[in-house]
Amino acid sequence: MEFDNNTIIAAVGGGILIAILLFCLLKGVMRMLLLAGGIALAAGAWIFFYKNGATFISLVIASPQPWMVHVLAWGVAILIIVVMIHGMRWCANVFTLHRNGGPTGVITTILMCMLMLWVTTIGISYYGDICRIAYYHDLAEAQMGRAEQPQLPFFTRAKEAIRTSGLTAWLERIDPLDNPAQTNLACLVAFGCTLDEPTCMSFYQGQLANRGIPHPYRLLDLFRDPGLRTMVQEKSYVSLLENERLTTFLQFKDSEEYIRKIL
C-alpha cells in the first residue's frame, strides 16, 4: 500500500502524540525505561568517545594526550546520565497535568514535547537510512534473480516525506546523525557487494565510472573488500554505515560532494 507524504507525516505525528499520551498515563514505567535508555546511551557514548575521542580533541589541541580522551569519554557519559535524571524529574512534574501548573509548567511542557519530537525524528531518520541500505541489498538480490523486487521501506519513505515537506524540512538542518553522502555510499556498497563479479563490473562501468567521482576505481575496492562483503552478507547495516573505510573514501578530494548527489 502506497501513502502520500501528507499521510506519512500525519501518521508519524499521530504516533508521537500517542507516545506523549502514554507517557502521561504510564509515567512510572516510562521513567524506568528512560533511565535504562539513558544508561545504555551513556555507555554507548563512552565507547564511542573512548575510540574516537582523539579525533575530536585534535580539532582543538594539536597533540591530544590519552588522559584527555578518558576525561572526554567519562565527561560525556556522566553528562548524559545527569541530563536524563534531570529530564525525568521534569517529566514527573510536567506530564502530571496539574491544573495549577502555571506558565512555567506550560512552557516546560512545550519544550519537552519539542525535545521528544526532535529525538523521535532523528530516530526515524537514522532508522530510515538503515532500511534504505537494506533495500539496496534486496534490490541487488532481485537483480541477481535470488529474490523478488523489494518495495521502498516505510521508514525510508517517512524520512523522505519529513525532509521534503515544507513544514518539517528544517529538521534536516538540526539532525546531528544525518549524513547523506555516507548513507549513499553505504547503499552503493550494499548493492555492489551483493552482486557477483561480472554483474558488479557491469554496474560499475555502466553507472559509476563516468559520474565524476575522483578515482572511481576505489569503489571497486570497496565492493571487493572481504570485510564489507561479510557485513552485507550478515546484514550488519549499522556497522556498514559507520565503517571507517567509507569515511576515508569520502575524505578524498570532492568524493563527498559527488556521492551526496549520486542516488
Side-chain angles (χ1 to χ4, degrees), residues 1-20 41 113-144 147-195 203-204 206-208 211-213 216 219 222-223 228 231-232 235-243 246-247 249-250 254-263:
M1 182 180 297
E2 295 292 334
F3 300 96
D4 60 24
N5 288 358
N6 291 334
T7 302
I8 292 175
I9 292 175
V12 172
I16 294 172
L17 291 176
I18 292 173
I20 293 174
L41 181 62
C113 290
M114 291 179 63
L115 178 62
M116 291 177 66
L117 173 63
W118 181 58
V119 172
T120 302
T121 52
I122 289 176
I124 291 173
S125 175
Y126 188 79
Y127 187 66
D129 287 340
I130 300 303
C131 292
R132 184 163 172 253
I133 298 170
Y135 167 77
Y136 274 89
H137 165 68
D138 296 341
L139 198 63
E141 290 279 7
Q143 182 168 328
M144 296 296 298
E148 296 182 356
Q149 192 75 7
Q151 293 185 348
L152 197 62
F154 172 82
F155 281 98
T156 301
R157 288 185 286 121
K159 175 182 177 176
E160 292 178 356
I162 291 171
R163 292 296 187 258
T164 55
S165 171
L167 295 174
T168 54
W170 58 273
L171 289 168
E172 183 177 9
R173 295 192 293 270
I174 58 172
D175 186 345
L177 301 181
D178 192 56
N179 190 337
Q182 186 97 356
T183 302
N184 283 351
L185 183 56
C187 291
L188 286 176
V189 171
F191 188 86
C193 287
T194 306
L195 302 174
F203 167 62
Y204 166 76
Q207 300 189 43
L208 298 176
R211 295 291 295 274
I213 303 171
L219 283 170
L222 295 180
F223 296 160
L228 296 180
M231 287 182 191
V232 174
K235 301 184 177 182
S236 300
Y237 301 125
V238 174
S239 300
L240 176 63
L241 178 60
E242 306 295 340
N243 189 268
L246 274 62
T247 305
F249 179 97
L250 294 173
D254 298 324
S255 297
E256 182 173 358
E257 179 182 352
Y258 283 98
I259 295 296
R260 181 187 295 267
K261 302 175 182 177
I262 203 167
L263 292 178

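These numbers come from the heavy atoms of this one structure, side chains and all, not from hydrogens, waters or symmetry mates. Note that the numbering runs from 1 along the sequence shown for the chain. Everything numeric here is computed off the predicted structure, so don't read it as measured data.
- Taking each heavy atom of Ala134 and Tyr237 in turn, the nearest pair found is CB-CE1, 3.4 Å.
- In this structure, the separation between SG on Cys131 and CZ on Phe154 is 10.5 Å, given to the nearest 0.5 Å.
- Among all heavy-atom pairs drawn from Gln207 and Arg211, the shortest one is O-CG, 3.0 Å.
- For the pair Pro216 and Leu208, the tightest heavy-atom approach, listed with the atom from each and the gap, is CB-O, 4.2 Å.
- In this structure, Asp129 CG and Ile124 CD1 are separated by 12.0 Å, a value rounded to the nearest 0.5 Å.
- How far CD of Gln182 is from CG of Leu240: 9.0 Å, rounded to the nearest 0.5 Å.
- Residue Phe203 places its CZ atom among more than 12 non-hydrogen atoms of other residues, nucleotides or ligands, all under 6.0 Å distant.
- You'll find the side chain of Leu222 stays beyond 4.5 Å of the side chain of Leu188, heavy atoms only.
- For the atom pair Phe191 CZ and Glu141 CD, the distance stands at 10.5 Å (nearest 0.5 Å).
- A 6.0 Å sphere centred on OH of Tyr204 holds more than 12 heavy atoms belonging to other residues, nucleotides or ligands.
- Side-chain contact check for Tyr126 versus Thr183: every heavy-atom pair is 4.5 Å or farther apart.
- At least one side-chain heavy atom of Leu263 sits less than 4.5 Å from a side-chain heavy atom of Arg132.
- Of all non-hydrogen atoms in Asn179 and Glu256, the two that sit nearest each other are OD1-OE2, 4.3 Å.
- To the nearest 0.5 Å, atoms CD1 (Ile262) and CG (Asn184) are separated by 8.0 Å.
- Closest non-hydrogen pair, Tyr135 versus Pro153, comes out as CB-CD, 3.8 Å.
- Residues Phe223 and Val189 share a closest heavy-atom pair of CE2-CA, 3.8 Å.
- The structure places SG of Cys187 at 10.0 Å from CG of Leu139, a figure rounded to the nearest 0.5 Å.
- A salt bridge links Lys159 to Asp178: one of the charged nitrogens lies within less than 4.0 Å of a carboxylate oxygen.
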